[in-house]
Amino acid sequence: IKRARFLDMAVLELTILLLGVYGTFFFCEAIKVSGVLGTVVFGMVFSAKIKPVLSHEARHAHHIVIGTIGYICDKIIFFAAGMISIRLLNEPNMAISCGEVKFGNLALRLLALYVILHVTRLIVVLTFWPILKAWGYGMGWREVVILVYGGLRGAV
């Protein structure tokens with residue numbers, strides 16, 4: 001990366017980074033460890049060691065490309081989830097492994113799942129609240145509410 005910066009080749013710097021990201025994921029999956037965690041570790045190393053070495057143009061290009069990839073992936077995931085959901089809801093005889101399920105029963109199960117996810121997240125946040133309150137910027141009850149309710153809105 002230093003050589004690419006010296007040659008003023010932001011595209012080469014960006015290519016090396018993208019190969020590092022995807023290469024890390026696929027390498028970790030090939031050796032039967034978590035590709036997602038490998039990519040997270042690569043991101044931490046990138047922030048600490050690689051990002052300061054990048055040229056300004058490469059940092060800007062990296063920001064634009066990763067933002068665009070994230071946006072496209074987000075749209076693809078929600079489109080696929082919508083297609084699968086509407087297909088399941090429109091089937092006249094919707095069958096789940098435990099037997100047939102009526103729409104009302106499915107709606108109750110989804111509502112129960114929604115409540116259970118919030119309660120579970122609340123338990124986890126309250127368990128770690130003393131630690132989160134003591135470290136960093138601190139955390140009040142408003143941040144707890146945001147973590148519990150807002151936590152179910154994002155990806156990973």
Side-chain angles (χ1 to χ4, degrees), residues 1-97 101 103 106-125 128 132 135-137 139 142-156:
I1 290 182
K2 287 181 182 179
R3 176 105 171 118
R5 180 180 181 177
F6 176 74
L7 295 173
D8 197 26
M9 300 178 78
V11 174
L12 181 58
E13 292 178 77
L14 183 60
T15 304
I16 292 169
L17 282 177
L18 289 176
L19 285 174
V21 170
Y22 287 105
T24 301
F25 178 82
F26 288 118
F27 175 75
C28 289
E29 289 293 324
I31 62 171
K32 306 292 186 213
V33 296
S34 173
V36 173
L37 288 179
T39 306
V40 168
V41 170
F42 180 85
M44 290 175 13
V45 171
F46 167 76
S47 293
K49 302 288 183 186
I50 301 171
K51 191 174 182 181
V53 179
L54 291 177
S55 66
H56 174 72
E57 293 82 14
R59 280 195 301 269
H60 179 68
H62 177 261
H63 176 75
I64 297 298
V65 168
I66 293 299
T68 303
I69 290 171
Y71 178 79
I72 291 169
C73 289
D74 184 60
K75 299 306 166 198
I76 290 171
I77 288 170
F78 280 101
F79 178 76
M83 294 300 289
I84 291 168
S85 297
I86 201 70
R87 189 174 133 225
L88 286 174
L89 291 174
N90 282 335
E91 285 184 14
N93 294 324
M94 188 180 350
I96 295 182
S97 61
V101 178
F103 178 74
L106 181 63
L108 282 175
R109 286 183 182 198
L110 287 175
L111 181 63
L113 178 64
Y114 184 77
V115 171
I116 289 169
L117 287 173
H118 276 82
V119 169
T120 304
R121 188 151 179 98
L122 177 67
I123 291 169
V124 170
V125 170
F128 290 102
L132 293 170
W135 288 354
Y137 296 107
M139 188 167 74
R142 291 182 179 119
E143 288 84 5
V144 169
V145 171
I146 290 171
L147 278 174
V148 171
Y149 184 69
L152 296 174
R153 307 296 169 277
V156 180

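None of these values were measured; they are calculated from a predicted model.
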*Asks:* How long is the straight-line distance from CG of Leu111 back to CD1 of Ile116, given to the nearest 0.5 Å?
*Replies:* 9.5 Å
*Asks:* Can you name the residues that form a side chain to side chain contact (heavy atoms under 4.5 Å, CB included) with Val125, not counting sequence neighbours?
*Replies:*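 Arg121, Met139, Val144, Leu147, Val148.
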*Asks:* Using the side chain to side chain contact (heavy atoms under 4.5 Å, CB included) criterion, which residues pair with Val145? Sequence neighbours excluded.
*Replies:*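 For Val145 the side chain to side chain contact (heavy atoms under 4.5 Å, CB included) partners, ignoring immediate neighbours, are Trp141.
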*Asks:* Rounded at 0.5 Å granularity, tell me how far CG in Leu132 sits from CH2 in Trp135.
*Replies:*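 Interatomic distance, Leu132 CG to Trp135 CH2, rounded to 0.5 Å: 8.5 Å.
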*Asks:* Which heavy atom in Cys28 sits nearest to a heavy atom in Gly35, and how many Å separate them?
*Replies:*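 Heavy atoms of Cys28 and Gly35 come nearest at CB-CA, 3.8 Å.
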*Asks:* Rounded at 0.5 Å granularity, tell me how far CZ in Phe27 sits from OG1 in Thr39.
*Replies:*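 Separation between the atoms: 12.5 Å.
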*Asks:* Enter the distance from Tyr71:OH to Ile76:CD1 here, rounded to the nearest 0.5 Å.
*Replies:*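 If I round to the nearest 0.5 Å, the distance is 11.0 Å.
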*Asks:* Taking all non-hydrogen atoms of both residues, which atom of Phe42 and which atom of Thr24 are closest, and how far apart?
*Replies:*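 Between these two residues, the closest heavy atoms are CD1-OG1, 3.5 Å.
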*Asks:* Is any side-chain heavy atom of Phe25 less than 4.5 Å from a side-chain heavy atom of Val21?
*Replies:* no
